[in-house]
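The structure appears right after this line, and notes come after that.
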Amino acid sequence: MGVLSWTSRSRDGRQSRLPVYENLNAPSKERNSNDSYDDDSDYDDYSETSSSPGTSNSRVTNGSASTATPIMPKRNFAASRGPRKPLTYRLPNKVIRYLCFGLTSFIILMILTLIRASHNENRAIAEGKIDRPPSTPPAWESYPFLTRYYGGIRNLVSFSQNNPEYPRSKGEPPVDKLSYANSSNWEPDVQERNLPTSKEYNKYPSSVFQSAPEQFQECFLDKANKVRVPPIRYYEGRPNGFPEPVLGSYDLLGLPEDICFERYGRYGPYGFGYSVRSGGLGTGEHGEKEGFESTWEKVPQVDWKGMDWADIQRRCYRANAARYKTVAPKQSNPNGFYIDEGTAATNLHTRDTPLAESLQSSANVTVKEKNSVPASEGESATKLPRTAIVIRCWDEYFWKEEDVMNIRSLISELVLASGGRYDIHLLVQVKNDAAHPIWADAATYQRRIEETVPAEFRGLVTFWTETQMLSLYQGIFDLFARGPDLPVHGVYRGLQMAMQYFAYQHPEYDYYWQWEMDIRYIGHYYDLFTKIENWTKEQPRKGIWERNARFYLPSVHGTWEDFKQMARVQSEMGTTGADNIWDGLPGADKQQAGRRDKPVWGPERPKDPKDWFEPDDDPKPKTAYEKDKYVWGVGEEADYITFNPMFDPEGTTWGLADDITGYNTSDGNGMPPRRAQIITASRMSRRLLMKMHRETAFLKHHAFPEMWPGTVALQHGYKAIFVPHPLYVDREWPPEVFARTLNNGRNGATGGSRTSVFGQREHNLIGLTWFYNSGFAPNLYRRWLGLKVNNDGGEEFEMTVDESKNATSVSEMRGGEGRMCLPPMLLHPVKDVELPVEANPEDTLEIPESDPGA
């Protein structure tokens, strides 16, 4: 039989089966068992492989199948399956519980161990017990130091003939630094040296005294009008190979770049170089000083003992009061009812203002402060505005001889040389007003001045304290951006509060320069300030905030006009940067704005109108941005002048970018528009300071001191200018690399991006002559004064040639070029300069001579 016949028989057999009754309710061992083998698979397997209990295969006849198959056959597991497989061994529950407990305990113990190890490591790092592996040094450390800053007056060449050591273009051959030293006029075996003659700066053709002379009454140091201050002196040319500034421009601001100053010509008129007995500072009397006598060849040395600079400034102003605007009356604090008010007002009357005018001005002072206008829109153009130079200090400051001669130079060159156009003030913080309760009475106030300030400057002091600012500006929400030890009313985060209140107390000034004790200028202060103020006055408003946000490198950006157009194109078209390099790709952040920047044209207000403060007083543009032909703002005095770029802190790594309080940042408003600039030294108009003062007092708005003035100027549409003054760098940075490093923010600016140089990348600015933590500025200044720095420089270096050296580095310079000679430049910070000083004869004990006959 074939397969076909078997198949038909099998089908017929299944269809011919008859049901057999079986009691389904009868209990059976299989039905009541919990055996795991009782499942559908076993049943199906059995039914398919066994047709009856008596057969072992399907090859049976139809008759036998029909008589033996029950309707629901009873399963026979033993017959249908082979021997049972042993089950996997299951651990007892007690053992499982112990294992789980042990594993959980081990995990918890491991976590606690890691926490303790982390805590111990952090404490060890904080205590300096772990030597962390040194991080990768920044790229600029591989650049060699420049050497020709330290050349001297015996190696001067004219500015046109100078071959600067830096910057060098890519095509120029390397500099042979030894060739600079070989042109020195020093002959080691010959005592006769070819030393050029110095000249008086007030006769320099490009100085403000010759280019824009003013007619005023000369100011003297004494009441008899006989003692003059000797003029500072300069040398023509520069030391051979002297580098050019990497940032800023002399020509743009009209500053002299073809001359240089050495220490005696700069500070000799103020007591440097002669003894205390002669009225000097008793320093600078030794070392290389050939030719220093020329400082006093026309005007004799001044005996500085007994000077009273407050009285000198008053006399200078009164001699030229007709040149200036009418002085506003002094603000007197309300002290309630006073029985002799009229007489008191007469006695408290300041300067030469008539009493009736004083009382009328006092009645209208509030209205004038609220509606104040720039000086150019005030009285007659023939009346000049006046400016206060406010130097910040503190009562525990240790005054040194170098500080004294610097303050003397400030007063002489700004007050006396201008005919009283400027006044110098010392704004001094009393750090511990609990130990020194200066507000208790006038005697305590005066006693603290006498204890802390040199006698000649005591009349210039205005005290302020942290608790005073706390009482004036109550209700400010403190973010504690630098921890609880630095509150918002303190000197670190609330410095501008003291300036605001100072301006409120001194309405006689239209402008206020905020200055610092650690700033030095190699040059004439009046020439610097006048030319900066004149340049900022002529700058148009169009595109100014875009230019303010960028460093200007002439060797890379070209002329100032080229730089202006570059800033405009970058802002309007946008550039590719780290924050937008992935724009347009799938998965990119769709919330980011486009690359283009909206030009700043008029006030940039916060989103919430409740954060607007007195908006009706703000200046507004008369035309649209596109229609202005760089006209708006020309001839207008700047409300805010800075020496560093004003950058947008949004998105940067600057640690104080969010230290701004009082604004509504919820409901989608975000942070208010703001600008910041590093180093608080700046000029602010009275209009700006009064707006800051009132907004802090009434609306509780405030920001970090380096951000608050720029933010108020931006939000109220005031004119703010960054001055691209000349800055030098200590290393041979490739100029293109330096430009990309500095202007590495959003759209080629310095801020607005995490790649900004301000923040985690500020180490790139340490080598400049102007930055808050510059290392180059103080070292250069000390070398210029004849001091040793890192075992380089000093008297021996200036006077002796070491021909064994190859002049390839600072330490390998041969020397013998005489005193260093630097062109005009601003330096910051310069702190704790220790000059060798002779003993004060007043402090020495006179020992009587012994009598030989005794």
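Just so it is clear, the values below take in all heavy atoms, side chains as well, and ignore hydrogens, waters and symmetry mates. One is the number of the first residue; the rest follow in order along the sequence.
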Trace of the side-chain contact (heavy atoms from CB on, under 4.5 Å) decision for W708 with T696:
CA-CA 10 Å; W708 184 227; T696 304; 3.5 Å; yes
- Could you please spell out the steps behind the ring pair (Phe, Tyr, Trp, His ring centres under 6.0 Å) verdict for Y728 and F242? CA-CA 11 Å; Y728 293 84; F242 196 93; 5.8 Å; yes
Begin with the C-alpha distance, continue with both residues' side-chain angles, and end with the deciding distance and a verdict on side-chain contact (heavy atoms from CB on, under 4.5 Å) for L247 and L742. CA-CA 10 Å; L247 299 174; L742 299 184; 3.8 Å; yes
**Message:** Is there a side-chain contact (heavy atoms from CB on, under 4.5 Å) between Y270 and V229? Walk through the geometry before answering.
**Reply:** CA-CA 8 Å; Y270 310 114; V229 179; 3.6 Å; yes
Should R675 and E604 be marked as a salt bridge (Lys or Arg N to Asp or Glu O under 4.0 Å) after you check the CA-CA gap, both sets of side-chain angles, and the distance that decides it? CA-CA 11 Å; R675 292 295 184 270; E604 286 286 313; over 6 Å; no
message = What verdict does the salt bridge (Lys or Arg N to Asp or Glu O under 4.0 Å) test give for R266 and E413, after you've listed the backbone C-alpha separation in whole Å, the side-chain angles of each residue and the deciding distance to 0.1 Å?
response = CA-CA 11 Å; R266 179 68 184 92; E413 295 167 14; 2.7 Å; yes
**Asked** Checking side-chain contact (heavy atoms from CB on, under 4.5 Å) for the pair N644/F771: CA distance, chi angles, key distance, verdict?
**Response** CA-CA 8 Å; N644 261 339; F771 199 59; 4.1 Å; yes
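A salt bridge links E533 with R421: the distance from a Lys NZ or Arg NE/NH1/NH2 to an Asp or Glu carboxylate oxygen falls below 4.0 Å. Look at D518 and R392 and you find no salt bridge, because none of the NZ, NE, NH1 or NH2 atoms lies under 4.0 Å from a carboxylate O. The pair K325-D510 meets the salt-bridge criterion, since a charged nitrogen lies less than 4.0 angstrom from a carboxylate oxygen. Salt bridge status for R731 with E141: absent, with no side-chain N to carboxylate O gap under 4.0 Å. Classification of E637 and R687 as a salt-bridged pair fails, no side-chain N sitting under 4.0 Å from a carboxylate O.
The six-membered or imidazole ring of F209 lies near that of H524, with a centre-to-centre distance under 6.0 Å. Taking the six-membered ring for Trp and the full ring otherwise, W513 and F529 have centroids separated by under 6.0 Å. Between F647 and W654, the gap from one ring centroid to the other is short of 6.0 Å. Aromatic pair F502/H425: ring centres closer than 6.0 Å.
Although no hydrogens or angles enter the test, the distance criterion places no donor-acceptor pair under 3.5 Å between the side chain of R550 and the main chain of K564. A donor-acceptor pair under 3.5 Å links the side-chain atoms of S418 to the main chain of V415, judged by distance alone. Proximity of a side-chain donor or acceptor of Q429 to a complementary backbone N or O of D395 within less than 3.5 Å is not detected. For the pair Y267 (side chain) and L785 (backbone), a donor-acceptor distance under 3.5 Å is absent. Side chain of Q514 to backbone of M684: no donor-acceptor contact under 3.5 angstrom is found. Using a distance-only test at 3.5 Å, with no hydrogens or angles considered, a donor-acceptor pair links the side chain of N747 to the main chain of T575. Using a distance-only test at 3.5 Å, with no hydrogens or angles considered, a donor-acceptor pair links the side chain of Y552 to the main chain of G558. Looking at T750, its side chain does come within 3.5 Å of a backbone N or O of A549 through a donor-acceptor pair. Under the 3.5 Å distance criterion, the side-chain polar atoms of N162 are matched with a main-chain donor or acceptor of G241. Distance alone, capped at 3.5 Å, is enough to place a donor-acceptor pair between the T755 side chain and the N744 backbone.
Residues meeting the ring-ring contact (aromatic ring centres under 6.0 Å, His included) test with W394, sequence neighbours left out: Y397. Scored by the side chain to side chain donor-acceptor pair (under 3.5 Å) test, Y526 finds E214 as partners (sequence neighbours excluded). Not counting sequence neighbours, R238 has no partner by the salt bridge (Lys or Arg N to Asp or Glu O under 4.0 Å) test. Applying the ring-ring contact (aromatic ring centres under 6.0 Å, His included) criterion to W545, with sequence neighbours excluded, gives no partner residue. Every residue meeting the ring-ring contact (aromatic ring centres under 6.0 Å, His included) condition with H693, not counting sequence neighbours, appears here in chain and number order: Y473, Y504. Looking at residues two or more places apart in sequence or on another chain, you find a ring-ring contact (aromatic ring centres under 6.0 Å, His included) between Y521 and Y525.
Within the 4.5 Å cutoff, no side-chain heavy atoms of F398 are placed close to those of D832. With contacts defined as side-chain heavy-atom distances shorter than 4.5 Å, the pair Y501/W464 does not qualify. You'll find the side chain of Y718 stays beyond 4.5 Å of the side chain of S685, heavy atoms only. Looking at heavy atoms from C-beta onward, E244 lies out of side-chain contact with E257 at the 4.5 angstrom threshold. The side-chain heavy atoms of Y235 and F261, taken from C-beta on, include no pair separated by under 4.5 Å. The shortest side-chain heavy-atom distance between L689 and Y509 does not fall under the 4.5 Å cut-off. Using a 4.5 Å cut-off on side-chain heavy atoms (C-beta onward), W535 and K531 make no contact. Side-chain contact between L656 and Y492 is present, with heavy atoms from C-beta onward closer than 4.5 Å.
Rounding to the nearest 0.5 angstrom, the gap separating the CG atom in D659 from the CE atom in M707 is 6.0 Å. Taking SG of C316 as the reference point, atom CD1 of I411 lies at 11.5 Å (rounded to 0.5 Å). I391 CD1 to T462 OG1: the interatomic distance, rounded to the nearest 0.5 Å, is 12.0 Å. Rounding to the nearest 0.5 Å places OH of Y204 at 12.0 Å from CD1 of I232.
Between R547 and Q539, the side chains place no donor N or O within less than 3.5 Å of an acceptor N or O (distance only, hydrogens not considered). For the residue pair D618 and H716, a side-chain donor N or O sits within less than 3.5 Å of a side-chain acceptor on the partner. Side-chain contact, Y772 with E706: no donor N or O sits under 3.5 Å from an acceptor N or O. Counted by atom type alone, D562 and T559 present one or more donor-acceptor pairs between their side chains at under 3.5 Å. Under 3.5 Å, the side chains of R683 and T387 contain no donor-acceptor pair of N or O atoms.
Closest of all the heavy-atom pairs between A720 and N548 is O-ND2, 2.8 Å. Across every non-hydrogen atom of E516 and T680, the tightest pair is OE2-OG1, 2.9 Å. K537 and K719 make their closest contact through O-NZ, 3.3 Å (heavy atoms, listed as atom of the first residue, atom of the second, distance). Residue S571 comes nearest to E546 through the heavy atom pair OG-CG, 3.2 Å, listed as atom of the first residue, atom of the second, then distance. Heavy atoms only, all atoms of each residue included: D628 and V631 are closest at OD2-N, 3.3 Å. Closest approach of G602 to P621, counting heavy atoms only: CA-CD, 3.8 Å.
Within 6.0 Å of CG on N773 lie more than 12 heavy atoms contributed by other residues, nucleotides or ligands.
Because its NZ or CZ atom is both nearer than 6.0 Å to the ring centre of Y150 and within 45° of the ring axis, R783 counts as a cation-pi partner of that residue.
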